[in-house]
Engineer: 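Here it is, the structure in full.
Bear in mind the structure is a predicted one, so any value in this text is a computation, not a measurement. Hydrogens, waters and symmetry mates are skipped; everything else that's a heavy atom, side chains included, is used. So you know, we letter chains A, B, ... as the sequences are listed, proteins then strands, and number each from 1.
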Protein chains: 2
Amino acid sequence: MNKTEIINTLKKYCLKVTPQRIAVLDAAITLKNHPTADNIAEYIKSNDPNIATGTVYKILETFVDKGIIKKVQTESDIMRYDAVQEKHHHLYCSDSERIEDLYDDDLNMILDDYFRKKRIPNFKIEDIKLQIIGRFTDNSKSK
Amino acid sequence: MNKTEIINTLKKYCLKVTPQRIAVLDAAITLKNHPTADNIAEYIKSNDPNIATGTVYKILETFVDKGIIKKVQTESDIMRYDAVQEKHHHLYCSDSERIEDLYDDDLNMILDDYFRKKRIPNFKIEDIKLQIIGRFTDNSKSK
DNA sequence: ATTGCTGCAAACTCTTTGCAAGTTC
DNA sequence: GAACTTGCAAAGAGTTTGCAGCAAT
């Protein structure tokens, strides 16, 4: 996503286009490893001039409210964010903070099928995400 | 789980049997709605005499380390706990903090089958949990 | 007796808030 | 110019820590 696309995204969601919002969205997209607010603030500060930490939090909250980014569910009290729009699941490492994406349309279809036939009592499903816990067997240390 | 069973659980995990640990495990089991540390502390204080809040946190951490209870993944910075041992999934309400359990062995078998045939590259699965997001259509306000 | 656990309060970390000054449309 | 956004610093919330005293084995 280039700068023009970022600006158009902001406009699409009726948000005023400010340098801070452009920087936060750019960072959230660039930092693919489900960054924390702090990761995003650090990234911006290392490239650009400056941004207040409180502003990063406010912008992230705005983006989540609008659905531009999503919060990632974790067992940690530090919030992590995800700018990927396509439906996907998450692979969680059982002994590190690493989280990777899993795209699998076959799986999505199987799940949709299953729950179309077998409804959950008193519950209307809107979305299904898998948390797949395990170990990565490559050597990457990306988190 | 009665008191004797709670004591035996603690012994099984080589933990000294203290009134505080008994109270925390009892509370975690009794409070079925994925309680927070604070829920647990409140519950104990309302029945029993006293327990320090720091102690509750330390005991919960010990239990999680031993695998006696689990942390529940949420999008909130407040940690929630789950004392249910049997494999299950979670139903998340998309507009409240309510989380309910879903037991479904058919589903588990389908998933196991699927990933037995279709491995994920560079990843060894240890556990799969579904986060099912949606709306409850009953009238309960339990969270 | 030894080892480990609890209580307490202070410290920490991440996040939120309030408001004046500055930007965007 | 009206409405919204940012920066800053202080406050808030949940959680962790250190250590002396106490309890379990």
Engineer: Taking atom C1' of D:dT15 as reference, at what distance in whole Å does atom CG of B:Asn39 sit?
Structural biologist: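 It is 15 Å, rounded to the nearest whole Å.
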Engineer: To the nearest 0.5 Å, what is the distance between NZ on B:Lys87 and CG on B:Asp127?
Structural biologist: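 So the NZ of B:Lys87 and the CG of B:Asp127 are separated by 4.0 Å.
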Engineer: Given atom OH of B:Tyr57 and atom P of C:dT13, what is their separation to the nearest angstrom?
Structural biologist: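 After rounding, the reported distance stands at 17 Å.
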Engineer: Tell me which of B:Ile78 and B:Val17 sits closer to the 5' end of DNA chain D, going by the nucleotide each one is nearest to.
Structural biologist: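 Residue closer to the 5' terminus by nearest nucleotide: B:Ile78.
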Engineer: Can you tell me how far P of D:dA24 sits from NZ of B:Lys11, to the nearest Å?
Structural biologist: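 Taking atom P of D:dA24 as the reference, NZ of B:Lys11 is at 13 Å.
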Engineer: Quick one: which protein N/O atoms are closer than 3.5 Å to N/O atoms of nucleotides 3-7 of chain C? Pair and distance per line, please.
Structural biologist:
residue, atom, partner, partner atom, Å
C:dT3, O2, B:Lys16, NZ, 2.7
C:dG4, O4', B:Lys16, NZ, 3.0
C:dC5, OP1, B:Arg21, NH1, 2.8
C:dC5, OP1, B:Arg21, NH2, 2.8
C:dC5, O5', B:Arg21, NH2, 3.4
C:dT6, OP1, B:Thr18, OG1, 2.7
C:dT6, O3', B:Gln20, NE2, 2.8
C:dG7, OP1, B:Gln20, NE2, 3.1
C:dG7, OP2, B:Ala52, N, 3.2
C:dG7, OP2, B:Thr55, OG1, 2.9
C:dG7, O6, B:Lys58, NZ, 2.8

Engineer: Please give, in whole Å, the distance from C:dT16 C1' to A:Asp77 CG?
Structural biologist: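 It is 15 Å, rounded to the nearest whole Å.
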Engineer: Will you find, in the side chains of B:Glu97 and B:Tyr92, an N or O donor that is under 3.5 Å from an N or O acceptor?
Structural biologist: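 Distance-only check fails for B:Glu97 and B:Tyr92.
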Engineer: List the residues meeting salt bridge (charged side-chain N to carboxylate O under 4.0 Å, His left out) with A:Asp104, not counting sequence neighbours, and say none if there are none.
Structural biologist: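 So A:Asp104 forms a salt bridge (charged side-chain N to carboxylate O under 4.0 Å, His left out) with B:Lys118.
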Engineer: Roughly, in whole Å, what's the span from CG in B:Asp38 to C1' in D:dT16?
Structural biologist: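 The distance from CG of B:Asp38 to C1' of D:dT16 comes to 15 Å, rounded to the nearest Å.
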Engineer: Taking atom P of D:dC4 as reference, at what distance in whole Å does atom NZ of A:Lys66 sit?
Structural biologist: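 To the nearest whole Å, that distance equals 11 Å.
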Engineer: With rounding to the nearest 0.5 angstrom, report the CG to CG distance, B:Leu130 to B:Leu111.
Structural biologist: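 One finds 6.0 Å between CG of B:Leu130 and CG of B:Leu111.
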Engineer: Output the rounded distance in Å from CD (B:Glu61) to C1' (D:dT17).
Structural biologist: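 For the pair B:Glu61 CD and D:dT17 C1', the rounded distance is 11 Å.
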Engineer: Under the side-chain contact (heavy atoms from CB on, under 4.5 Å) rule, what do B:Tyr81 and B:Lys70 come out as? Steps first, then yes or no, please.
Structural biologist: CA-CA 6 Å; B:Tyr81 298 90; B:Lys70 295 213 163 55; over 6 Å; no
Engineer: Less than 4.0 angstrom from a charged side-chain N to a carboxylate O is my criterion; do A:Arg135 and A:Asp95 meet it?
Structural biologist: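 Salt bridge between A:Arg135 and A:Asp95, a charged N being under 4.0 Å from a carboxylate O: yes.
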Engineer: Salt bridge between A:Arg98 and A:Glu100, side-chain N to carboxylate O under 4.0 Å?
Structural biologist: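 Yes, A:Arg98 and A:Glu100 are salt-bridged.
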Engineer: Quick one: A:Leu10 CG to D:dC4 C1', roughly how many Å, whole number?
Structural biologist: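 One finds 14 Å between C1' of D:dC4 and CG of A:Leu10, rounded.
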Engineer: Going through the distances and angles, do A:Leu107 and B:Phe115 end up as a side-chain contact (heavy atoms from CB on, under 4.5 Å)?
Structural biologist: CA-CA 9 Å; A:Leu107 176 60; B:Phe115 284 109; 3.7 Å; yes
Engineer: Quick check on the helix from C:dA1-D:dT25 to C:dC25-D:dG1: what's the angle between its two end axes, five base pairs per end, to the nearest 10°?
Structural biologist: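 End axes: 40° apart.
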Engineer: Over 60° means perpendicular and under 30° means parallel, so tell me whether B:Tyr103 and B:His88 are parallel, tilted or perpendicular.
Structural biologist: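 Geometry flag for B:His88 against B:Tyr103: tilted rings.
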